[in-house]
Amino acid sequence: MALQAGEIHALLGENGAGKSTLIKIMTGVVQPDGGDVFVDGRQVRVGSALEAQALGIAAVYQEPMIFPDLSVAENIFISHRDRGRIVDRGAMRRDAEAVLDRLGVRLDVGEPARGLTVAAQQTVEIAKALSLRVRVLIMDEPTASLSAHEVRRLFGIVKALRGEGVAILFISHRMEDVFQIADRVTVLRDGRWISTRPRSEVTPASAIRDMVGRTMGDFFRRTPTRPGDVVLEVRGLAREGVFAGVSFTLRAGEVLGLAGLVGARRTDVGLALFGIAPADAGEVLVDSRPVTIRSPQDALRVGIAYTTEDRRQLGLVFPLSIAANVTLPTLRRYLSRFGLVRRAAEDAVAQGFKERLSIRAPSVRTAAGSLSGGNQQKVVLSKWLNTRPRVFILDEPTRGLDVGAKAEVHQIIDELAHDGIAVILISSELPEVLAMSDRILVMREGRQMAVFDSAEATQERVLAAAMGQLATPAVVV
Amino acid sequence: MARDIFRRLVRWEGLLLAILAVIVVVTGIAVPGYLNPQNQINLLELSIEKAIVVLAMTFVIVSGEIDLSIASVMGLSAVLVAWLKEQGVPVEVGIIAALLVGALCGLFNGYWVAVIGLPSLAVTLAGLIGYRGAALLLVGDRSIGGFPEWFNRLGQQPLLGPFPLALMVFAVLLVGATVLLQFSGFGRYAYVVGSSPEVARFSGVRVRRVKLAVFAMSGVVSAFAGVLLLARLGAVRGSTAEGFELDIITMVLLGGVSIFGGSGTMAGVILSILVVLNLRNGLALANATGNTQAGVIGALLILSVLVPNLVAAARSRLGRGGSAEAAVIPKLSDL
Amino acid sequence: MRIKHSTSLSLLAGLALVASACGGPAAAPSQSPTQAAATPTQAAATATAGGVAKATPGQSVKMMLLPKFLGILPFAQANKGAGDAAAELKNSTALAFVGPTADNSVQGQIEFMTNAATQGYKVVMISNNAGDQIAPAATAAQAAGVKVVAWDSPIPSAKGENLFVAQVDFNEMGKVMADMALSIMGADGGKFAILSASPDAANQNAWIKALNDALKDPKYAKVQLVDTVYGNDQSERSYTQAQALVAKYPDLKVIMAPTTVGIAAAAKAMQDGKMCDKVKVSGLGLPSEMVSYTINGCAPQFALWSFVDLGYLTYYTSYMLATGAIKGTEGEQFEAGRMGTFKITKDPTRSAGLRVLMGPFKIYDKTNVEAEAK
Amino acid sequence: MTLLLRRVRPEQVRELTLVFILVAVVAFFATQIPNYLAWQTFTDISTGLAIIAVAAVGQTLVVLTRNIDLSIGSVVGLVAYFVGTLLAGTPGMPAPAAFGIAIAMGGALGAVNGVIVAFGRVPAVVATLGTLAIYRVALVELSGAKTVTTDSLPAWLLNLPRMSVVSLGQLDVRPLVLLALAVVIVFQLVLSYLPYGRRLFAIGSNPDAARVAGLPVERDVFVAFLLSGALAGLAGFLFLVRFGNITVVAGQGLELQVVAAVVVGGVNIFGGSGSIVGALAGATLINVLQQSLIRWPAVSAFAQDAILGLLILLAVASDKVILGRLRTIWVQARRRDEERAAATAAEQATHGA
């Protein structure tokens with residue numbers, strides 16, 4: 001596989017196809033078993049991350065590799081060797097702001113990265129790669145956490161870099177991204193090279209065929225359901241300084257999409273409903289009865305479940321087995337009279353989910369951390385489905401998943417609706433929200449801008465609302 | 001990867017088992033009297049209180065915290081029983097009071113750690129000083145002895161066959177702790193809270209409650225061990241059990257429990273207790289000074305991790321590439 | 001030096017030997033086998049009451065010298081004395097000088113005592129740091145045929161102890177300290193404070209008690225003891241405690257430290273604080289550590305005894321006890337090589353126990369300290 | 001006030017809360033202890049603090065990288081003893097040589113820790129618990145039960161603690177204190193302004209990311225241990241200077257005091273955040289509490305430790321509470337500012353239109 005200067009080269013492949021390993025080899029994190037790497041025609045050995053840097057290879061990882069205690073500016077410049085022997089904080093701040101400006105992002109560069117959202121953290125990663133004099137830039141799912149607006153901005157930068165002669169290896173599960181930006185497309189499958197073709201010769205269908213080795217249907221479509229009774233009613237929910245005035249109702253079997261740009265505070269609404277960061281004003285009614293949710297235990301009691309957007313940090317206990325993860329919120333059900341865990345029962349229920357959601361793992365005793373992203377997400381879903389929720393909040397459930405896994409998750413969401421569960425879907429991928437939701441609530445900077453029915457929702461209208469271009473907030477309940 | 005972790009785990013406990021076997025065989029041949037059954041009982045009995053607290057400490061460390069105040073709680077409980085006896089309170093009542101105070105000490109630690117969110121190192125360091133101070137406050141510069149005959153006998157004479165009470169108590173607690181850590185819901189929570197407290201919180205686990213319980217348990221068990229120590233020694237002073245904390249933590253860590261929480265098994269800890277006690281006894285019988293004993297155990301602590309790591313690194317360099325990840329830091333396998 | 005002592009009365013008077021000496025009725029029947037086991041079977045034991053027993057050199061006796069911990073001078077000196085005695089007595093089994101670490105002293109001593117029986121030791125000579133906490137282990141060792149001879153610091157209740165080889169008379173110690181305080185302060189008297197080892201150091205506590213008793217004598221009417229603080233036998237802590245005493249009592253005249261670590265640290269603290277003119281330091285000290293302070297007047301007077309002699313006498317006594325030359329009963333007299341003749345008596349400073357008193361004190365001042373420090 | 005709040009975030013001034021608590025403590029004891037606010041008290045406490053402070057600086061470097069160095073007490077003892085013996089044997093040795101040897105020896109002992117942890121991948125607690133014992137054993141074996149006595153030490157060393165560098169009336173600033181202060185300042189600057197210092201934060205904050213970012217993690221951690229050892233060696237030298245009499249128990253238990261200072265000083269025990277100044281503030285706070293308690297006539301020797309434990313806990317707790325409150329106030333102030341800015345911007349936009 002060859003990567004040319006001034007090209008954007010897309011790399012496609014399902015999770016587990018070997019993309020991440022390829023990145024790790026190129027950035028010197030692991031050593032190859034065989035084969036060679038050439039830079040500018042010279043054979044090189046990328047023995048360490050440092051050597052990769054010297055060769056001008058930089059990577060933006062799918063899971064942000066940030067330093068939570070360092071400031072944004074420091075995160076950007078920590079691995080720079082050319083900034084003199086003494087750290088000039090003022091210059092660093094200015095330069096950091098300049099780099100972020102190129103990305104069109106405004107962040108407080110003095111703030112510790114700990115407090116940033118995943119999206120912002122990823123932006124910092126990109127800024128870090130940009131700030132190094134890169135010749136080869138590897139981007140692993142850079143758009144996964146960005147909203148459409150930011151994606152456009154990013155692509156502008158990527159194209160500019162291409163113009164400067166930088167070779168860009170672009171890895172994404174979003175077909176539309178790939179076709180919008182890539183010059184050439186390479187597909188990997190099961191750790192093997194399958195094909196490299198100019199974009200013009202590739203269609204989404206052919207790419208997917210190469211990736212999965214079979215033909216797949218179009219983007220997912222919901223099967224219609226008949227909504228049942230109102231399960232959840234939210235009136236004027238607010239958390240001081242975070243969001244305010246969120247109101248909606250949700251029926252059994254309905255999917256409510258939460259759309260908005262980064263910083264729209266959608267996740268915070270989810271966290272408030274789940275009791276992690278409780279709301280301090282407003283009312284929540286479940287089955288028309290007012291409830292107080294001050295903790296996740298409260299939420300679980302009334303049948304609200306929540307899957308986090310940060311699967312890596314907050315989703316699973318990696319060293320624990322699949323079964324133990326699945327039963328974590330409901331462990332009490334699997335205890336014998338003496339408080340011992342009934343392993344057989346636990347395994348049985350996990351096995352059930354393994355089959356139902358086709359979790360690919362050797363057994364339910366396998367450590368959750370060893371699974372691929374898609375399968376991890378299915379374990380997370382199993383864990384919460386096992387609480388038999390009435391309301392299921394899914395925060396970015398398909399982030400970082402490949403097409404196959406994504407489709408499976410969509411399938412699951414559809415089934416949830418059919419089973420009469422009320423679903424709140426938080427997603428930055430507008431097509432996903434549009435395709436999956438019955439209604440779409442659009443937020444902007446902590447305020448509810450509009451609620452659309454799926455019939456009246458279009459990409460343009462939602463985006464306009466998310467960017468605040470509606471004259472008055474239209475609240476359609 | 002899971003199998004890999006499992007192999008690693010087996011390797012860790014296998015390593016300890018191998019070390020134990022070598023110690024027993026070599027000492028058995030070289031040191032007369034070592035294999036004598038009475039000696040085997042002695043070597044356990046001499047450190048049985050520490051071994052008991054090791055069990056509780058394992059829970060604390062697995063759940064990602066540390067309790068440095070254990071030795072001071074042991075001292076305080078022993079002193080309390082003695083002081084109450086002086087005030088005319090029967091020893092039986094004194095023991096119950098000591099256990100209660102132990103639980104309170106543990107809950108007090110737990111409150112600041114779990115509810116207020118202070119680092120356990122700081123809190124229990126304050127406890128280390130404070131609880132010892134409370135013991136000193138009660139006895140001052142005195143030594144209190146003269147306990148009822150039944151109490152001394154329980155601590156100093158064999159109860160059943162050649163086995164003293166404390167040994168049997170340890171056996172029971174050992175089984176209990178193993179079941180609790182490896183097979184119960186509480187143990188599962190301890191691992192989860194230690195491994196990733198945030199995931200636990202997002203999964204509806206009452207993290208605070210788990211931590212409070214772990215600290216309370218640590219307090220009660222330490223207090224209980226303090227009472228057993230009192231019975232064995234027959235007298236108590238302000239300094240009783242001083243400095244035990246480092247020995248106890250050493251045994252837990254050698255057992256393969258990660259100081260960062262979330263990993264380690266009771267089997268490893270038990271093997272570690274046996275390794276340390278047998279080694280110390282073997283050396284002592286061979287006329288090694290306490291200094292030498294401490295040095296050998298210190299070296300063992302380092303080498304037991306270092307040597308396998310170096311071997312693994314060498315192997316990965318010789319063989320095909322791959323990660324030079326630490327080989328024997330045991331991780332939690334399929335729970 | 002930390003020597004443990006307990007003020008509490010013992011329930012059991014201990015050995016039948018001791019019990020008969022005390023005439024106490026409390027001797028438990030369970031102790032009888034101990035006596036049987038401890039009684040030497042050798043017919044060679046020929047000491048008669050009133051006569052002076054002599055040692056029979058050349059016998060093989062496995063003996064252990066167990067200090068509080070290893071690594072400090074006084075115990076090394078005692079080991080040297082014991083080694084001298086072993087050479088004189090031609091004991092073919094080498095003396096074991098083993099001990100715990102300083103931070104594991106109590107627990108370590110109990111372990112060594114328990115293991116001694118397993119190892120087949122005939123005598124354990126212990127400078128006890130565990131107070132009465134060693135008693136059960138010592139009693140068990142005796143039951144297994146081990147003689148337990150305490151030196152430097154006894155087992156307060158005398159339970160599990162055959163004999164105590166005392167360096168000086170503990171009551172005498174109180175008077176010596178009071179005298180030193182008075183002589184330093186002069187006839188006008190004044191305030192002084194004690195800087196002790198740890199609060200449960202039984203030796204120090206016994207001496208402090210003796211000092212308090214001694215101060216009741218009208219001779220010391222103007223000598224006022226204002227405070228007792230503890231430096232835990234650590235230089236760091238003792239040093240700051242000495243500083244604090246001066247801050248707390250501006251008119252303090254003497255710091256009395258009955259511990260070698262404490263006295264040196266206090267002297268250094270006064271010297272560093274340029275306060276030697278105001279506050280003097282006294283107590284128990286090693287001449288080699290104190291010589292400069294004595295010469296420059298920071299610590300004009302202090303006392304100690306010879307640890308070499310103590311080790312020598314302890315070894316001699318223990319050897320004779322193990323070989324049956326003496327039985328370890330009250331009133332026996334024996335000859336201890338170069339040190340002359342000693343007598344086993346009741347220990348008047350404890351409620352039970354037998355004692356061999358070495359003595360005497362040596363008071364050091366400008367005139368004699370340099371010679372001794374060499 | 002708001003301007004200040006806007007520019008400075010609470011984390012950056014977290015040491016101030018400790019200073020505030022310290023002032024409160026001093027004010028309290030001043031009402032309780034006669035002649036407490038005397039220069040003599042300052043001299044006594046500051047000189048004693050110097051040793052802990054120097055060791056705490058080294059410990060901070062290590063803790064920032066998500067490691068810990070428990071061998072410090074033994075290193076201090078071993079170096080103090082070794083250098084003391086050396087000086088006793090060769091009285092003509094110049095002061096800088098002794099000073100250098102102490103640091104070099106400490107550095108060597110620290111390097112052993114560093115190799116085991118950074119390259120041998122042994123968890124730091126395990127490694128340094130081991131060397132804590134081993135270094136102490138080395139000291140006991142090395143000593144042959146001999147004590148370093150003040151008498152055998154050269155005069156310049158004995159005079160050092162009595163000297164005053166600055167003497168203003170009753171205020172004496174000892175060379176030990178100045179040296180410790182210099183160490184604190186130098187290393188605070190290293191942490192703030194050298195890339196190495198920033199990397200220590202990065203490594204402790206996220207070791208995986210540090211590796212991926214190409215930071216020399218192993219080397220940096222190794223150097224942190226080496227520095228910690230070297231500073232412990234320096235502390236050992238100060239220990240020798242101050243106490244003169246060095247036995248085999250010298251420095252025993254110092255590691256707990258140092259770790260306490262660092263933790264109370266707000267250095268995160270899991271790495272990534274903290275400062276040298278904070279560690280100094282922590283050390284000062286604990287030391288002032290200790291020293292004040294033994295000077296407080298109202299409290300018996302037996303009650304001191306019970307109170308000390310409680311006070312340390314209260315200090316740590318109030319630090320946390322105050323800091324949390326400050327953070328809230330700061331966030332609110334920031335938000336108001338932002339809203340105001342947004343309003344102004346909107347206004348300008350309308351005017352422009």
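Treat the numbers as computed from the prediction; the structure is a model and nothing was measured. Atoms considered below: every heavy atom in the structure, side chains included; atoms not considered: hydrogens, waters and symmetry mates. Letters A, B, ... mirror the listed sequences (proteins, then strands); counts begin at 1.
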(message) Distance check, rounded to the nearest 0.5 Å: D:Ile116 atom CD1 versus B:Ile302 atom CD1?
(response) 4.0 Å

(message) Need one label for D:Ile269: side chain, backbone, both or neither, based on atoms under 4.5 Å from any heavy atom in chain B.
(response) side chain

(request) Determine the option with the most heavy-atom pairs under 4.5 angstrom with chain B, choosing from D:Val125, D:Leu311, D:Val321. (result) D:Val125

(message) Quick check on the interface: out of B:Ala122, B:Gly243, B:Pro119, who has the most heavy-atom pairs with chain D under 4.5 Å?
(response) B:Ala122

(message) Side chains of B:Thr289 and D:Val140, heavy atoms from C-beta outward: is any pair under 4.5 Å?
(response) no

(request) Tell me the residues of residues 108-115 of chain B whose non-hydrogen atoms fall below 4.5 Å from those of chain D, in number order. (result) B:Phe108, B:Trp112

(message) So for D:Val264, is it side chain, backbone, both, or neither that comes closer than 4.5 Å to the heavy atoms of chain B?
(response) neither

(request) Could you grab the distance from atom CG of B:Leu121 to atom CD1 of D:Ile68, nearest 0.5 Å is fine? (result) 6.0 Å

(message) Between D:Ala138, D:Ala301, D:Ala127, D:Ala124, who has the most heavy-atom pairs with chain B when the cutoff is under 4.5 Å?
(response) D:Ala127

(message) Once rounded to the nearest 0.5 Å, what's the spacing between atom CD1 of B:Ile129 and atom CD1 of D:Ile312?
(response) 4.0 Å

(request) Please look at B:Ile297 and chain D and tell me whether the side chain, the backbone, both or neither of the residue comes under 4.5 angstrom of a heavy atom of that chain. (result) neither

(message) Nearest 0.5 angstrom please: B:Thr250 OG1 to D:Leu132 CG, how far?
(response) 8.5 Å

(request) Of all the heavy-atom pairs spanning B:Leu125 and D:Ala260, show the shortest one and how long it is. (result) CD2-CB, 2.9 Å

(message) Please find the pair of heavy atoms, one from B:Gly298 and one from D:Ile134, that lie closest to each other, and give the distance.
(response) C-CD1, 3.9 Å

(message) So B:Asp141 and D:Phe302, do their side chains get closer than 4.5 Å, heavy atoms only?
(response) yes

(request) Could you please spell out the steps behind the side-chain contact (heavy atoms from CB on, under 4.5 Å) verdict for D:Val316 and B:Val123? (result) CA-CA 8 Å; D:Val316 178; B:Val123 171; 6.0 Å; no

(request) Quickly, which of B:Leu310, B:Val307, B:Leu306, B:Leu303 forms a side-chain contact (heavy atoms from CB on, under 4.5 Å) with D:Val122? Name it, please. (result) B:Leu306

(request) Look up atom CG in B:Asn291 and atom CD in D:Glu141, then write down how far apart they are to the nearest 0.5 Å. (result) 5.0 Å

(request) Check D:Ala306 against B:Ala134 and note the closest heavy-atom contact, atom names and distance. (result) CB-N, 3.8 Å

(message) More than 12 heavy atoms of other residues, nucleotides or ligands under 6.0 Å from CZ of D:Phe20: yes or no?
(response) no

(request) Could you look at D:Leu70 and say if it's the side chain, the backbone, both or neither that has a heavy atom under 4.5 Å from chain B? (result) neither

(message) For B:Leu137, which atoms come within 4.5 Å of any heavy atom of chain D: side chain, backbone, both, or neither?
(response) both

(message) Between B:Ala299, B:Gly140, B:Gly127, who has the most heavy-atom pairs with chain D when the cutoff is under 4.5 Å?
(response) B:Gly140

(message) For the CG atom of D:Leu313 and the CG atom of B:Leu118, what is their distance to the nearest 0.5 Å?
(response) 6.5 Å

(message) Heavy-atom cut-off 4.5 Å, strictly under: side chain, backbone, both or neither for D:Gln304 against chain B?
(response) neither

(message) Counting only non-hydrogen atoms closer than 4.5 Å, can you tell me which residues of residues 70-78 of chain B sit against chain D?
(response) none

(request) Tell me, for D:Thr131 versus chain B, whether the close heavy atoms (under 4.5 Å) come from the side chain, the backbone, both or neither. (result) both

(request) Measure distances from D:Tyr135 to the heavy atoms of chain B and classify the residue's part below 4.5 Å as side chain, backbone, both or neither. (result) neither

(message) Please classify the contact of D:Val137 with chain B as side chain, backbone, both or neither, using a heavy-atom distance under 4.5 Å.
(response) both

